[in-house]
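Notes follow the structure.
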Amino acid sequence: MKGYAGQILRVNLTTGQSRTEPLSEDMARNFLGGRGFVAKILFDELDPSVEPFSEENIVVMAPGPLSGLFLPSSGKIHFGTKGPATGGYADSNMGGHMASELRYAGYDALIIEGKADKPCVVMIDDDRIQILNAEKYWGMKSFEAEKAIKDDYNDEFQVATIGPAGENLVKYACISHDFGRQAGRTGIGAVLGSKNVKAIAVRGSQDIPLQDVKGALKKGRQMFMSAFKKPGFKEWTPYGTAGVTDWVNEVGSFPTKNFYTGYFDDYKKINGQTMREAITITDKACFNCPIPCGKYAKASYKGEDIYVEGPEYETIALIGGNCMIDDINEVAYLNLVVDQLGIDSISGGNVVAFALECYEKGIITKEDVGREIKFGDTDSAAYLFELIAKREGIGDLLAEGVKIAAEKLGQDSAKFAIHVKGLEVSGYEPRYNPAMLLSFMTADVGAHHNRSWAITYDVASGRDNLEGKADKVIELQHIRPLFDALGLCRLPWVEIGFELELYGELFPLVTGIDYDWDDLIGISERIWHLTRSFNVKHIPGFGRDWDYPPARFYEEKMPSGPIEGKGVSWDDVEWLLDDYYKKRGWTEAGIPKKATLKKHGLDFVVHELALTE
Ligand code: SF4
């Protein structure tokens, strides 16, 4: 089998043993790699009784069959687990150089199981696997731990670490790598923390066997040349994702003041242009990426210089607008705070904004918090992030995420706890963007934009019109996660209009498997039904109720900005879900039907779930 190493590495932290297992051709053909392998392994290996922080949970890490090769932006790796934020399927994607390194070490996936009795580093040096004592790194912030491990062993190792938030089981703790890249979402950093894994270090020196080396090289060269010629290549790159800040405000959808409104008056003080002019010192790219969206910055806060990769759009939206921080230097400072603590900036920004609104409404008090806090105050946000990472005081409650915090605080705070399924919402206010709202409602991991970024379609197709929105969301839910299965970054396609067909033309040259782009999309659809089924299997009572958005999105019309007075209704929410389930081949309760699963080659799921309908 070409294009794959042909083996999966399994490391058991309880026994200290590791072994390799052959990768079957069926697995490669049916699930491709990356997200596909993560979903299949989690579905097969985890019993519903397994708790996210129990020893029996596993963490899977998988690059894709196109990772680490000569084509644009081929450096993405996928992490997955049973997640603490939702109790269901959880995954997160990470750039940098870990995907290529794990491929060069000779593995198509890594499975970490069990629990170490002391803090450890899982070190993979080709076929030499060690579980090393990491007590000296425990307690270190993310970048300091990464540097110390590189200094102590060898700078050639690619290192992924958790920060204090992961050690303390904050339910939205991230994994950090390459001093500024994160597997940010769904709390996988906390699951590593629960297993006493401070870091994973990988070094590899092997070739990736290809079906047609000359053909793949020629196609890769064509893909690079195509990227260089795109009009967006020069326009998008200086600002990266931060470049979208102005547009999101202009369409009234920039999360502001805990999603109270969709327009931030001071957005130009924190947008991509201001970032580039005021603080960016150089661009920073993942493996083989010609459109470096990473912006390395020198910013200053209270007279002190700070260096950080970012802020990218989501951080600008959730820590900037949503917490009403209107200074790019201060957003950059808070970016560094969350990165070093190992907190996902999307969930973290949501949680702090939720706490600030609770404080404004008197639901939590100065006595609860330990000081006064307010929107727009950088010190308030930094203070809360520190408490959360240590689970100290009110931070212990906030470390649970907004869903559980609201359940405990009561007083109608659930109405403005901005999440779906327990995962906080990404940086697009969806209440007058029905396709984006449906994307958040139906994303398998909870409210994450990377499954379907449909807001541009909302604006282009009419925001009062619900017809056709489900079709677009479904189309995007197949395309975008396919990049995660192939081990690639989707941004060349999203941002500069890179041709999707070229990936389909490259795939058989790498693997010898005769699939074109449409075949690959079919597999992505299979994976989508599988991750939904994981949630059915693992979350008691899972179904329609779990797809509902917070009440703020259908009870409150937009109070200000370009779409003032607009919004969706509860009936719209129900209509969107009905339409989506029907088109997906799911029941009205949101459960995949037996016939749908069989059509997509998921007979084993029908059997596992004992479906009759
Ligand atoms: Fe990494 Fe950004 Fe390039 Fe994607 S576009 S590979 S995230 S640098």
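When a ligand or atom number is given, it counts from 1 through the structure's own listing order.
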Checklist entry - So do the side chains of E312 and K295 get within less than 4.5 Å of each other, counting heavy atoms only? => result no
Checklist entry - Under a 4.5 Å cut-off applied to non-hydrogen side-chain atoms, are E314 and S426 in contact? => result yes
Checklist entry - Which of the atoms in ligand 1, numbered in the order shown and given with their element, are less than 4.0 Å from a heavy-atom of C289? => result 3 (Fe), 5 (S), 6 (S), 8 (S)
Item to check | Residue-ligand contact R490/ligand 1, heavy atom below 4.0 Å | outcome: no
Checklist entry - In terms of residue, atom name and distance, what is the protein heavy atom nearest to atom 5 (S) of ligand 1? => result I291 O, 3.5 Å
Next on the checklist: For Y428 together with F254, are the ring centres under 6.0 Å from each other?
Outcome noted: no
Next on the checklist: Please determine whether any non-hydrogen atom of E495 lies less than 4.0 Å from an atom of ligand 1.
Outcome noted: no
Checklist outcome for this item: For C489, the atoms of ligand 1 under 4.0 Å from one of its heavy atoms are 4 (Fe), 5 (S), 6 (S), 7 (S)
Item to check | Contact check, C286 vs ligand 1, heavy-atom distance below 4.0 Å | outcome: yes
Next on the checklist: Does any part of the side chain of I388, heavy atoms only, come nearer than 4.5 Å to the side chain of V351, both counted from C-beta?
Outcome noted: yes
Checklist entry - How about Y4 and Y107: are their ring centres within less than 6.0 Å of each other? => result no
Checklist outcome for this item: Counting heavy atoms under 4.0 Å, the part of R181 that contacts ligand 1 is side chain
Next on the checklist: As a test of understanding, state which of H448, R185, H78 forms a side chain to side chain donor-acceptor pair (under 3.5 Å) with D91.
Outcome noted: H78
Checklist entry - Which residue supplies the protein heavy atom nearest to atom 2 (Fe) of ligand 1, what is that atom called, and how far is it? => result C293 SG, 2.2 Å
